[in-house]
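This report refers to the structure that appears directly beneath it.
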Amino acid sequence: MQPATYPVRFSVDYPDRSLNRLTSAFRVIVAIPILIVLGTVSGGVWMESYRHGMTVALSGAGGVLFAGPLLMILFRRKYPRWWFDWNLELQRFTNRVVTYVLLMDDRYPATDQTQAVQLDYAYPDASRDLNRWLPLVKWLLAIPHFIVLAFLWIAAIVVVVISWFAILFTGRYPRGLFDFVEGVIRWGARVVGYALVLVTDRYPPFSLSA
């Protein structure tokens with residue numbers, strides 16, 4: 001039997017207090033600066049086309065290290081620790097921004113502090129814990145998760161809109177709705193850890209729970 005604790009752990013501290021209604025009301029606008037910062041380290045590409053056929057493209061450096069760890073696991077049976085640390089810290093930062101945009105915390109996302117979001121990966125011993133061939137097909141094996149997550153994120157967006165109204169009127173994020181959104185992010189974090197960051201060979205559970 002598999003151990004109860006999955007190697008990718010995610011949780012968000014529930015804000016059992018009144019949230020800032022003003023920043024919650026304009027969260028999408030307020031979050032623009034930190035979204036730009038995230039874009040510069042997540043490998044995003046932005047393109048803008050103008051009249052007369054001119055196109056301007058901006059590209060962010062960094063991003064999730066996928067090909068490098070895959071090749072190292074495949075040929076050397078290693079997962080360099082600093083690559084692991086980069087992927088983990090990038091995902092921590094990304095999830096702090098995501099939870100802020102989804103109204104789960106009203107503290108502006110920090111680039112180097114945990115705040116309300118806890119995300120952790122168990123560092124794998126690649127020679128013992130990881131199958132060298134499995135990273136080649138993990139993205140394919142994860143397709144059922146991607147399909148389910150597409151529907152879950154649609155539901156999560158609806159829940160966030162409902163929660164937005166609740167925060168504006170009561171200052172509180174309804175606990176049941178909060179737990180659902182947290183579960184969707186947790187599910188996604190497990191799939192990312194399995195299929196993209198390659199930190200575990202254990203197939204992610206189809207579950208919102210911790």
Side-chain angles (χ1 to χ4, degrees), residues 1-12 35 38-39 41-45 60-99 101-102 104 117-160 178-210:
M1 294 181 62
Q2 292 182 337
T5 303
Y6 192 75
V8 177
R9 297 176 292 279
F10 176 86
S11 64
V12 184
L35 288 170
L38 177 60
V41 296
S42 63
V45 177
V64 170
L65 301 179
F66 170 74
L70 185 153
L71 292 173
M72 288 295 289
I73 294 169
L74 181 62
F75 294 109
R76 298 292 304 279
R77 302 298 301 276
K78 292 182 178 181
Y79 197 131
R81 182 66 193 232
W82 72 273
W83 291 359
F84 171 89
D85 291 339
W86 164 262
N87 280 336
L88 176 57
E89 292 302 329
L90 178 60
Q91 291 307 303
R92 284 173 172 170
F93 178 40
T94 300
N95 280 281
R96 284 194 295 271
V97 175
V98 169
T99 55
V101 171
L102 298 182
M104 302 175 77
V117 179
Q118 289 82 45
L119 174 65
D120 199 18
Y121 299 154
Y123 179 63
D125 181 342
S127 63
R128 183 192 64 194
D129 302 329
L130 302 178
N131 183 304
R132 71 192 317 165
W133 304 107
L134 198 55
L136 295 173
V137 296
K138 281 183 175 179
W139 63 271
L140 181 63
L141 298 176
I143 286 177
H145 280 284
F146 295 142
I147 294 172
V148 175
L149 280 168
F151 289 99
L152 285 174
W153 273 110
I154 292 172
I157 291 171
V158 174
V159 167
V160 170
F178 182 95
D179 291 342
F180 174 77
V181 177
E182 179 189 26
V184 173
I185 302 173
R186 178 185 295 116
W187 191 323
R190 288 170 174 166
V191 174
V192 168
Y194 171 79
L196 300 180
V197 184
L198 308 176
V199 295
T200 180
D201 284 350
R202 282 184 55 197
Y203 198 70
F206 286 83
S207 174
L208 298 172
S209 61

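Here, residue 1 is the first one in the sequence, and each next residue gets the next number.
- Closest heavy-atom contact between V192 and Q91: CG1-OE1, 3.9 Å.
- F93 places none of its side-chain heavy atoms less than 4.5 Å from the side chain of S42.
- Here W83 contributes atom CH2 and L198 contributes atom CG; the two are 11.5 Å apart, rounded to the nearest 0.5 Å.
- Y194 places no side-chain N or O within donor-acceptor distance of the main-chain N or O of V8, the cut-off being under 3.5 Å.
- Within the model, atoms CG of D179 and CE of M104 stand 8.0 Å from one another, a figure rounded to the nearest 0.5 Å.
- Under the 3.5 Å distance criterion, the side-chain polar atoms of N87 are matched with a main-chain donor or acceptor of L65.
- Counting non-hydrogen atoms of other residues, nucleotides and ligands closer than 6.0 Å to CZ of F206 gives a total above 12.
- Taking both residues in full, the closest heavy atoms of L90 and V41 are given as CD1-O, 3.8 Å, listed atom of the first, atom of the second, then distance.
- L88 is listed as a side-chain neighbour of D120, based on a closest heavy-atom distance under 4.5 Å.
- Side chains of Y79 and D129: a donor-acceptor N/O pair is absent below 3.5 angstrom, by distance only.
- In this structure, CZ on F146 lies 10.0 Å from CG on L141, to the nearest 0.5 angstrom.
- Put simply, the side chain of L152 reaches to within 4.5 Å of the side chain of F180, judged on heavy atoms.
- Among residues at least two apart or in separate chains, side-chain hydrogen bond (donor to acceptor under 3.5 Å, both in side chains) pairs with a member in residues 182-191 are H145-W187, E182-R186.
- Closest non-hydrogen pair, V181 versus A156, comes out as CG2-O, 4.4 Å.
- For the pair I185/L102, a side-chain contact is recorded, criterion being any heavy-atom separation below 4.5 Å from C-beta on.
- With hydrogens and angles ignored, the 3.5 Å screen pairs a side-chain donor or acceptor of W86 with a backbone N or O of G63.
- Using a 4.5 Å cut-off on side-chain heavy atoms (C-beta onward), V117 and F10 make contact.
- The CG atom of D85 sits 12.0 Å away from the OH atom of Y121 when rounded to the nearest 0.5 Å.
- Taking CG of N131 as the reference point, atom CG of D201 lies at 6.0 Å (rounded to 0.5 Å).
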Can you list, pair by pair, the side-chain donor-acceptor contacts under 3.5 Å of residues 67-77, counting residues two or more places apart and other chains?
{"unit_1": "R77", "atom_1": "NH2", "unit_2": "S127", "atom_2": "O", "d": "2.8"}
{"unit_1": "R77", "atom_1": "NH2", "unit_2": "L130", "atom_2": "O", "d": "3.2"}

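- Using modelled atom types, no side-chain atom of K138 and backbone atom of V197 make a donor-acceptor pair closer than 3.5 Å.
- You'll find the side chain of S207 stays beyond 4.5 Å of the side chain of Y6, heavy atoms only.
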